[in-house]
Amino acid sequence: MYKVKVYVTLRESVLDPQGTAVKGALHSLSYTEVKDVRIGKFMELVMEESGRDINELVREMCEKLLANPVIEDYRYEIEEAVAR
Amino acid sequence: MKFAVIVFPGSNCDVDMYHAIADELGEEVEYVWHDEDDLDRFDAILLPGGFSYGDYLRSGAIARFSKVMAAVKKAAEAGKPVLGVCNGFQILLEAGLLPGAMRRNQGLKFICRPVQLAVENNETMFTSAYEKGEVITIPIAHGEGNYYCDEQTLERLVENKQIVFRYHGENPNGSLMDIAGIVNERGNVLGMMPHPERAVDALLGSADGLKLFRSIVNYWRETHVVTA
């Protein structure tokens with residue numbers, strides 16, 4: 001069993017309206033150190049071994065469904081989880 | 001002429017769409033549930049607005065894998081008119097039937113009000129009843145209508161005259177080039193954020209959307225009805 005953590009964010013070239021609003025809010029709380037905020041999604045998948053390469057599987061799922069490659073980038077981490 | 005209104009779990013403009021076709025246009029129309037796989041009996045396909053699958057993950061991301069979407073793709077490839085409004089537009093983008101993607105509105109708010117649109121291209125099967133440059137009033141109702149595509153795609157959209165509607169006067173959501181609606185290269189798939197089906201009767205504030213549906217019927221008659 002694997003635990004897969006998937007992070008999806010808007011691409012660098014795409015303006016993130018939510019991130020921009022949150023940055024403004026942090027600045028108004030006087031955290032002027034904050035230069036940029038990007039908001040994304042975090043997904044946790046628990047996966048069984050199937051004989052297929054886990055990296056290949058995760059990339060395929062990200063490109064097909066979990067991220068929209070037109071505007072989003074993704075990265076992931078795979079942890080070997082304990083069975084059950 | 002026979003229209004299909006595709007219904008996904010979470011669609012909520014399907015009834016308005018049906019009403020526009022059945023009562024205002026006077027054409028045949030049928031609801032089609034998302035798990036059907038055959039649309040051969042229809043001449044035009046309508047994907048209504050709403051929140052298919054609760055907009056989970058991304059608007060339209062899950063609906064695009066519905067069984068019926070393979071049939072919608074087939075209809076598009078056959079050259080039949082396919083119209084996606086609002087969430088329907090988002091589904092067409094996710095399905096790759098139209099280029100680009102939607103971002104959250106620039107102001108982050110869900111906006112529900114009438115807006116003005118300019119008809120950029122009146123040489124499509126969806127807009128032939130309008131004048132070029134005609135300014136029309138159609139309501140919008142969306143939180144994610146901020147159209148985005150990369151530069152090369154935008155250039156292609158401009159070159160091929162695929163930008164059909166642009167917001168006029170003021171851009172409510174921050175979309176690139178004030179884009180409100182685009183067609184595919186072939187011109188038979190239209191996606192738009194504004195709701196023409198909510199603007200089919202002056203009593204409801206505007207009847208400007210009616211010409212869009214009339215254009216589709218005119219196109220179909222020209223290509224299917226042989227006149228002696």
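Naming: A, B, ... by sequence-line order, numbering from 1 per chain. Hydrogens, waters and symmetry mates are skipped; everything else that's a heavy atom, side chains included, is used.
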Selection from A:Leu10, A:Ile71, A:Asp16 maximising heavy-atom pairs under 4.5 Å formed with chain B: A:Ile71
Engaged part of B:Leu57 at the chain A interface, taking heavy atoms whose separation is under 4.5 Å: both
Contacting region of B:Asp150 [heavy-atom separation from chain A under 4.5 Å]: neither
May I ask you to say whether [X] pairs ionically with [Y], meaning some side-chain N is under 4.0 Å from a carboxylate O?
X        : Y        : value
B:Arg156 : B:Glu151 : no
A:Glu79  : A:Lys5   : yes
B:Glu36  : B:Lys67  : no

Heavy-atom neighbours of A:Lys23 NZ exceed 12 at 6.0 Å: yes
